[in-house]
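To keep things clear, I will list the structure first and then write my remarks on it.
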Amino acid sequence: MNQQTQSSQFRQSVVIRACSTPQEFRACVQVEKDVWNFDPLDAVSHHIMAVAHETGGQVFGAFDGQQMIGFALAFPAIRDGHVHLHSHMAAVISSYQGHGIGRLLKLKQREEALSRGINLIEWTFDPLQARNANFNIRRLGAVVRRYLCNFYGESSSPLHANLPTDRLVAEWRLDSPRVEAHLSGRAHEADKDVRRIAIPRSMNELRQAHPAKAAEIQAAVRQQFLDAFEQAYAVSAFTADENNGYYLLEKPYAD
C-alpha cells in the first residue's frame, strides 16, 4: 500500500467533532502528553479544555472509532476591539501523523469559526520547524508579521531541547482570497525580489546532537525576523530544498 492510499484510508476512517465531556477533555490531555511529553506542570489540564469549550473557544477531537488520535484547542481572543480565536494547541499522535489529520482539524476550526462570523484564527509556531512552517504558510495560507521571543519561557518538552521558546504568530484570515487559493492548492508565489530567511531542515537533529550550534542558528534567525518585521515585511510564502527551508518576506504585503 502506497503512502497516498494509506493516507486516504486514514482520513476516511477519522471523524472530527467537538468535545464536550470530562472524559473527552481528559483524552485530549492524554494526546497532549503523548505528543509533547510535558512535565505535568507545563501541561494544559482538562479543566482548561472545559473552560475553553464553555466560553466560546473550540475543543475538537479527531476520532478513529472510539480512539482519540488528535485534537485542537482554541480560546476566544480580542485585539484592537476585534474578536478572533487563538489556537493554542493542535496535535496528532505519531502513528497517524503525515496523513492529513492535522489539516482536517484546522479545516474544522475554520468551518466552525466562520459559522459564528469569526474570520481570523491565530496561533504560534516554532520558527525553526520547516514542516510546520510549510503547513501553516504554504498549505493553509497563513501570513506572519510578528515574532515573540521566548514566549512560553523554559519548556519541559524534549522536543524543545532547552532552547528559548521563540515563536512566530500565524494569522489565518479564514475568508480571504489568499486562504481560499491555498486551500485549493494554489499557493501564493512570492516575487523574486524578496527577503529570505533560511532554516536547516535538520534542526531537530541539531537540537539534540549540537545544542550550541542550534542556539546560534536560533539567535541568528531571531534577529533576521525582528529586523524584517520592524521594517514592515511579512512572511507570505515558504519553500524548501534538500537542506533548508526558506521563509519569503514581502513588503508591503496585504493578504
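Note that the structure is predicted; figures quoted are calculated from it, not measured.
For Ser184, the side-chain contact (heavy atoms from CB on, under 4.5 Å) partners at least two apart in sequence or on another chain are Arg186. Contacts of Glu205 classified as side-chain contact (heavy atoms from CB on, under 4.5 Å), with partners at least two apart in sequence or in another chain: Ser202. The side-chain hydrogen bond (donor to acceptor under 3.5 Å, both in side chains) search around Arg26 returns His46, not counting sequence neighbours. Ala72 meets the side-chain contact (heavy atoms from CB on, under 4.5 Å) test with Ala90, Leu105, Gln109; sequence neighbours excluded. Remark: Ala190 pairs with His188, Val194, Ser236, Ala237, Leu248, Glu250 by the side-chain contact (heavy atoms from CB on, under 4.5 Å) rule, at least two apart or across chains. Partners of Asn150 under the side-chain hydrogen bond (donor to acceptor under 3.5 Å, both in side chains) rule, at least two apart in sequence or in another chain, are Thr165.
The backbone N or O of Cys28 sits nowhere less than 3.5 Å from a side-chain atom of Glu32 that would complete a donor-acceptor pair.
Here Leu148 sits in one hydrophobic cluster together with Phe151, Tyr152, Val169; the rule is ILVMFWY side chains under 4.5 Å apart, joined directly or through other members. In this structure, Val143 shares a hydrophobic cluster with Tyr253, the cluster being traced through Ile, Leu, Val, Met, Phe, Trp and Tyr side chains under 4.5 angstrom apart.
For residues 68-86, every residue pair satisfying the side chain to side chain donor-acceptor pair (under 3.5 Å) rule, not counting sequence neighbours, is listed here: Arg79-Glu122. Pairs passing the ring pair (Phe, Tyr, Trp, His ring centres under 6.0 Å) check and including a residue from residues 102-135, sequence neighbours excluded, read Trp123-Trp172. Legend: salt bridge (Lys or Arg N to Asp or Glu O under 4.0 Å) pairs involving residues 210-237, not counting sequence neighbours, sorted by first then second residue: Asp166-Arg222. Counting only residues at least two apart or on different chains, the salt bridge (Lys or Arg N to Asp or Glu O under 4.0 Å) pairs with a member in residues 99-110 are Lys108-Glu111, Arg110-Glu180.
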